[in-house]
Amino acid sequence: MVTVADPPPPTGARARLRAFLHRHRVFAVVLAAAFALRVVTMLGYGPALWFNDSYEYVSGAVNPDRPSALRPNGYSFWLLLLRPFHSFSLVAFTQHLMGLAVGVLVYALLRRRFALPGWGAALAAVPVLFDAYQIQLEHLIMSDTMFMLLVVGVITLVLWHRRMTWPMGAVIGLLLALTALTRSIGLPILALVVVYLLVKRSGWKPVAAMVTACAIPVAGYMAWFASAHGNVAMTNSDGAILYMRTAMFADCSKMEIDKRRELELALLCISDPPDKRLFGQMYLWWARNGQRFHAFGVGTTFTPEMNKTAGDFAKRAILSQPGDYLGVVARDFFRAFRWDRPRFPDANTYRQYEFLPENKVLPAWSSPKGSTTDRDAQIYDPGLPTAQIEGRLRVIGTDVHDPWAAFMQGYQRVVRLPGIVLGALLLIGLGGVAVRWRTLGGPVLLPWLAAFGLILAPAATAEFDYRYLLPAVPLACLAAAITLARRQPGLIQSPVSIRDDQSSYGMTSPVSTG
């Protein structure tokens, strides 16, 4: 009998790199194509794209001595870290790297922990790597891409380690603190991870380390916030945003508000009949007839007193009209799963998620210390071009260059993840949770609940917005892929993996029968 020995492992860094790329050749091609799309985006839209929220983030980096009353300053801290380079192009580039890193985490987790074949793990990363709206979101001066990377990073670390140690718990806790400081919804994700680890009997040490590591930075931020605004909190906007959620149905005649004894609540009553209200955001941001949120005067919008009053009004509306509240929540939740992409909440907001053919002129809105939003942007990046428009020198925030921009406009019309596909991914993940009921959903449960929660939370507390869906996509892909991983033909479970499935995370270690 003649036996053939296995070839020796490659020696040398170059040989090891070639072997690594060969093992992951499918994903290497996918990642290279995704990177190329982002290069085209940067060539077509320099230096970055802008959303209405972008300007406050930039102002937070230009004036870092005071926390924002509207949203946590985590993303402004990131901009502050990059400020010495004075380049929004660099900010956009780092965010494109974050988007690519999310795809890498999805692929690595599925390959290493769940033994998916290379093509299967690469396919699960395709939505976050190639969806045109994901690429557009990465190019916006916005916190969402950073938030997405942090959330996926947390889920990856939790699922990667079959046995959780307290040092790893502390690392995850720090990431969760950064997540909460980037977007307030990060704190509920902490609760979700803690419950998951308790259910999986990971022990009290890693859970305690996680909670402590998360609590210290968050508590420090809240103390800083209290020194500036006078109340211990992370924002003064949660009550106001909940008011926006209830603005679509709140009826003061049903809420039984006493206009004499509860004058502050009565001033927030909306005169437009509910069937004439187009969307909730107009009653929070627009000072116009029929909208009462600004009734207390300029400068009172996001104060502790106004936030409390708006929150009390919203809670009264929910308790008085629970059916109406559940109706608007359900409507916005299921809006996420449509095949088409209707213009919501209005045409202006919708256009800010599009690759547009024209330059972006930055608005000259007021900002802290008597400055304006366009001036703050120019302080951050002096290289921003200017142009005379209607007799006034204006700052150009986005300079469009063809043919690159035209290519991305055409690409966006064709390549996107329809909402119905996101819904199908969630249903597959839900099936994976159901078949693992003996282990309370196993490893599918955490990414599935995180994806579901990221879609439901805005519908319940704010209002539907397309950008809120995108952080849920890689998590839904993870849940669906882990579900299907156990159904691969030609794979069996070793006895060790079966015991681990019962005692740890519900994960399997497939062994080829070939």
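None of the values given here were measured: they were computed from a predicted structure. Heavy atoms only: backbone and side chains are in, while hydrogens, waters and symmetry mates are out.
Side-chain contact between Gln134 and Val102 is absent, with no heavy atoms from C-beta onward closer than 4.5 Å. Side-chain contact between Val195 and Val199 is present, with at least one heavy-atom pair separated by less than 4.5 Å. Taking 4.5 Å as the limit, every side-chain heavy atom of Trp448 sits out of range of all side-chain heavy atoms of Ile482. Here the side chains of Thr41 and Phe355 are in contact, with some heavy-atom distance below 4.5 Å. The shortest distance between side-chain heavy atoms of Leu268 and Ile257 does not fall below 4.5 Å. Under the 4.5 Å side-chain criterion, counting only non-hydrogen atoms from C-beta, Ser320 is not in contact with Tyr325. With contacts defined as side-chain heavy-atom distances shorter than 4.5 Å, the pair Tyr466/Leu137 does not qualify. Looking at Asn348 and Asn52, their side chains come closer than 4.5 Å, going by heavy atoms from C-beta outward.
Geometric assessment of Arg331 against the ring of Phe464 yields a negative cation-pi assignment under the 6.0 Å and 45° thresholds. Stacking of Arg338 on the aromatic ring of Phe344 is not recorded, the 6.0 Å distance cut-off and the 45° axial limit not both being met. Arg341 forms a cation-pi arrangement with Tyr133, by the criterion of a distance under 6.0 Å to the ring centre and an angle within 45° of the ring axis.
Judged purely by distance below 3.5 Å, without hydrogens or angles, the side chains of Asp346 and Thr349 pair a donor atom with an acceptor atom. Defined by atom type and a distance below 3.5 Å, a donor-acceptor pair is missing between the side-chain atoms of Ser367 and Tyr55.
Between the side chain of Lys200 and the main chain of Pro443, no donor-acceptor pair closer than 3.5 Å is present. With hydrogens and angles ignored, the 3.5 Å screen pairs a side-chain donor or acceptor of Asp251 with a backbone N or O of Ser253. Looking only at distances, no side-chain donor or acceptor of Asp374 sits under 3.5 Å from a matching main-chain atom of Ala364. Side-chain N or O atoms of Gln95 include one that pairs as donor or acceptor with a backbone N or O of Leu140 at under 3.5 Å. A donor-acceptor pair under 3.5 Å is formed between the side chain of Arg277 and the backbone N or O of Asp272. With hydrogens and angles ignored, the 3.5 Å screen pairs no side-chain donor or acceptor of Asn307 with any backbone N or O of Phe302. Put simply, the side chain of Gln136 never gets that close to the backbone of Asp131: no donor and acceptor are under 3.5 Å apart. With Glu262 contributing its side chain and Asp258 its backbone, the two residues share a donor-acceptor pair below 3.5 Å.
For Trp78 and Tyr75, the ring centers sit 6.0 Å or farther from each other. Separation of the Phe333 and Phe452 ring centroids falls under the 6.0 Å cut-off.
Here the OG1 atom belonging to Thr303 is positioned 12.0 Å from the NZ atom belonging to Lys308, to the nearest 0.5 angstrom. A distance of 12.5 Å separates CG in Leu192 from CG in Leu187, rounded to the nearest 0.5 Å. Note: Ser54 OG to Leu49 CG = 9.0 Å, rounded to the nearest 0.5 Å. One finds the OG atom of Ser202 at 8.0 Å from the OH atom of Tyr196 (value rounded to the nearest 0.5 Å). In this structure, the separation between CG on Leu475 and CD1 on Ile189 is 8.0 Å, given to the nearest 0.5 Å.
Between Asp312 and Arg316 no salt bridge is recorded (no basic side-chain N to carboxylate O distance below 4.0 Å). Ionic pairing of Arg335 and Glu463 is not present here: no N-O contact between side-chain nitrogen and carboxylate oxygen is shorter than 4.0 angstrom.
When all heavy atoms of Phe114 and Ala485 are compared, the closest pair comes out as O-CB, 3.9 Å. Taking every heavy atom of both residues into account, Ala124 and Cys477 meet most closely at O-CB, 3.4 Å. Closest approach of Leu242 and Ala460 over heavy atoms only: CD1-O, 4.1 Å. The heavy-atom pair separating Tyr468 from Pro458 by the smallest distance is CD1-CB, 3.4 Å. Counting all heavy atoms, side chain and backbone alike, Ala69 lies closest to His229 at CB-CE1, 3.7 Å. When every heavy atom of Val400 is checked against every heavy atom of Ala405, the shortest pair comes out as CG1-CB, 3.4 Å.
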Chi angles and distances behind the side chain to side chain contact (heavy atoms under 4.5 Å, CB included) call for Leu70, Thr235
CA-CA 6 Å; Leu70 179 56; Thr235 70; over 6 Å; no
Let me see the working for Asp144 and Arg183 under side chain to side chain contact (heavy atoms under 4.5 Å, CB included), right down to the final yes or no.
CA-CA 8 Å; Asp144 299 82; Arg183 276 181 55 186; 3.5 Å; yes
Starting from the C-alpha separation in whole Å, work towards a yes-or-no answer on side chain to side chain contact (heavy atoms under 4.5 Å, CB included) for Leu178 and Phe77.
CA-CA 10 Å; Leu178 292 175; Phe77 294 156; over 6 Å; no
Would you sort out whether Arg113 and Leu159 count as a side chain to side chain contact (heavy atoms under 4.5 Å, CB included), showing the intermediate values?
CA-CA 8 Å; Arg113 289 299 290 119; Leu159 295 182; 5.9 Å; no
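Among the candidates Ser68, Ser76, Ser143, the single residue satisfying the side chain to side chain donor-acceptor pair (under 3.5 Å) test with Tyr57 is Ser143. When each of Tyr353, Trp365, Phe88, Tyr45 is tested with Trp50 by the rule ring pair (Phe, Tyr, Trp, His ring centres under 6.0 Å), just one qualifies, namely Phe88.
Ring orientation note: the planes of His96 and His139 are close to parallel, at an angle under 30° on the 30°/60° scale. The aromatic rings of Tyr107 and Phe27 lie parallel to each other, with less than 30° between the two planes, well short of the 60° mark. By the 30° and 60° cut-offs, the orientation of the rings of Tyr411 relative to Phe407 is parallel.
Residue Glu358 places its CD atom among more than 12 non-hydrogen atoms of other residues, nucleotides or ligands, all under 6.0 Å distant. The environment of NZ in Lys360 is crowded: more than 12 heavy-atom neighbours from other residues, nucleotides or ligands sit within 6.0 Å. Within a 6.0 Å radius of CG in Leu326, more than 12 heavy atoms belonging to other residues, nucleotides or ligands are found.
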